[in-house]
Amino acid sequence: EPSGTRGSTLPEPSGTRGSTLPDASGTRGSTLPEADALARLIALRALPERLVAGVSSGTSADGIDVALCRITGAGAGVRVVVAAFATVPFARPLARRIFALSGADASELCELDVLLGEAFGDAVLAVAAQAGLARGDLHLVGSHGQTVAHQPRSAGRHGATLQIGEAANIAERVGVPVICDFRVRDVAAGGEGAPLVPLVDSLLFRDPGRTRALQNIGGISNVTVVPRAGGDAFAFDNGPGNMTLDAVARTATGGAESYDRDGARAARGRVDDALLARLLRHPFLALPPPKSTGREAFGRTFVGPLLDRYRGHLDDLLATLTLYTARTIADSYAAFVTPRAPLDEVYVSGGGVHNHTLMAHLARLLAPVPVRSLADLGFDPDGKEAVAFAVLANETLFGHPGNVPAATGAAGPRVLGKIVLA
């Protein structure tokens, strides 16, 4: 999720849903028996190339990322070309309701589930239209959904995770099968259900001669380590990413800005060393992997008291939290990565890559290991997670596991997702 400028951003939806694209060819839809719909899904495997839309809306909840990916093969032989990527902002009323999800009742969750599904479907159609593609050109959608709650297993409590954005509504709008709800099968197998990107990082970014850290800084920060010479990838959530920084920026600007552009406010502020030391004692940071976190740990209950305390010094708070994010990443490498796989290079994706202050902290803390944008590998750093869900949907289509048990703690590899036929 962004804390900076994306490569392509679409305007908010106008309210005209699906009208900009021609209808599908007539081979899809409810007039055909369900068996035919299943056969059509399986037949996608035989295509030399599939056009798959990956859809992601993460913990920052700032917009819908859509990546249209031309995918050939699967597993170790998969090849991906990103045909189009853009972010469709949430309409402001819907964004406000997403930020209030933690207090939503069952009726509100039910309605938002449908509204988000419609918004995801509309976003796919809008990005396809922008790219000059018709709805009938698409073959499959992989949608992560909007996380409502993520509660990893702990002593005396079952693991649980909930993402909404009804896939049936996506299928109705787009007219192709949708694979969704990727986390829950891993959780059912005893895993954290996150991070889910490690398999894709390993498939797309492995270098046999170098050990790479693929660091994503979205609402939450997470890293995948892909060792040289074919070693097994491992991954975990580092801690907070842009989530806390965006909350402070919104407060500092009265909602006029949703993030600290280029890290400029943080650069003007002064770090509160005592606060930084206290925040670094957060219990999540000391947990060994596999581990994952979310808004429950670093959302309103974490940042709200800080906003009250630093009301007149929000740039100082931003400076402190920006360094805190960098420290949680660097400290997690020292504790959990370099003892196992000394790094040759770090590539950063997600909105945090645009925060110059944050990136400068990372470069200093991780030196002499070079810290670069994922763009240096020819890949849009804003689009990686949306691409990941296109690839995961393709893996599910072929019946391949999508989780990395070493990253999530699941009992073993599992095929991820639920399928809505079209």
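Values in this document were obtained by computation on a predicted structure and should not be read as measured data.
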N/O donor-acceptor pair under 3.5 Å between Glu192 side chain and Ala194 backbone: no
Check ion pair Arg265-Asp315 (N to O, under 4.0 angstrom): yes
Check whether any side-chain heavy atom of Ser143 lies under 4.5 Å from a side-chain heavy atom of Phe120, and answer yes or no. yes
Before giving the answer on ring-ring contact (aromatic ring centres under 6.0 Å, His included), spell out for Phe389 and Phe182 the whole-Å C-alpha distance, their side-chain angles and the decisive distance to 0.1 Å. CA-CA 9 Å; Phe389 288 104; Phe182 292 90; 5.5 Å; yes
Can you find a pair of side-chain heavy atoms, one from Lys384 and one from Asp201, that are under 4.5 Å apart? yes
If we only count heavy atoms from C-beta on, is the Leu358 to Ile217 side-chain gap below 4.5 Å? yes
Is there side-chain contact between Val82 and Leu68, with heavy atoms separated by less than 4.5 Å? no
Between the side chains of Arg228 and Asp344, is the shortest nitrogen-to-carboxylate-oxygen separation below 4.0 Å, so that they form an ion pair? yes
His282-Phe298 aromatic ring centre distance below 6.0 Å: yes
May I ask you to check whether Phe379 and Tyr347 place their ring centres under 6.0 Å from each other? no
Quick one: does Val223's side chain get under 4.5 Å of Ile329's, heavy atoms only? no
Is Arg372 salt-bridged to Glu345, cutoff N-O under 4.0 Å? yes
Row check, Phe234 ring normal vs Arg340 NZ/CZ: under 6.0 Å, within 45°: yes
Does Arg96 qualify as a cation-pi partner of Phe90, given the criterion of NZ or CZ under 6.0 Å from the six-membered ring centre and within 45 degrees of its axis? no
Asn238 side chain to Gln215 side chain, donor-acceptor N/O pair below 3.5 angstrom: yes
So, the side chain of Thr338 versus the backbone of Tyr333: is there a donor-acceptor pair under 3.5 Å, distance only? yes
Do Leu199 and Asn403 come within less than 4.5 Å of each other through their side chains, counting heavy atoms only? no
Can you find a side-chain donor-acceptor pair between Arg183 and His150 that sits under 3.5 Å? yes
Examine distances only and state if a side-chain atom of Asn216 and a backbone atom of Asn222 form a donor-acceptor pair shorter than 3.5 Å. no
Evaluate the side-chain proximity of Val187 to Gln151: yes if any heavy-atom separation is below 4.5 Å, no if none is. no
Thr320 (side chain) donor-acceptor with Asp272 (main chain) under 3.5 angstrom: yes
Do Lys291 and Phe284 form a cation-pi contact, if we require the NZ or CZ to be under 6.0 Å from the six-membered ring centre and within 45 degrees of the ring's axis? yes
Kindly assign one of parallel, tilted or perpendicular to the pair Tyr324 and Phe302, based on the angle between their ring planes and the thresholds 30° and 60°. parallel
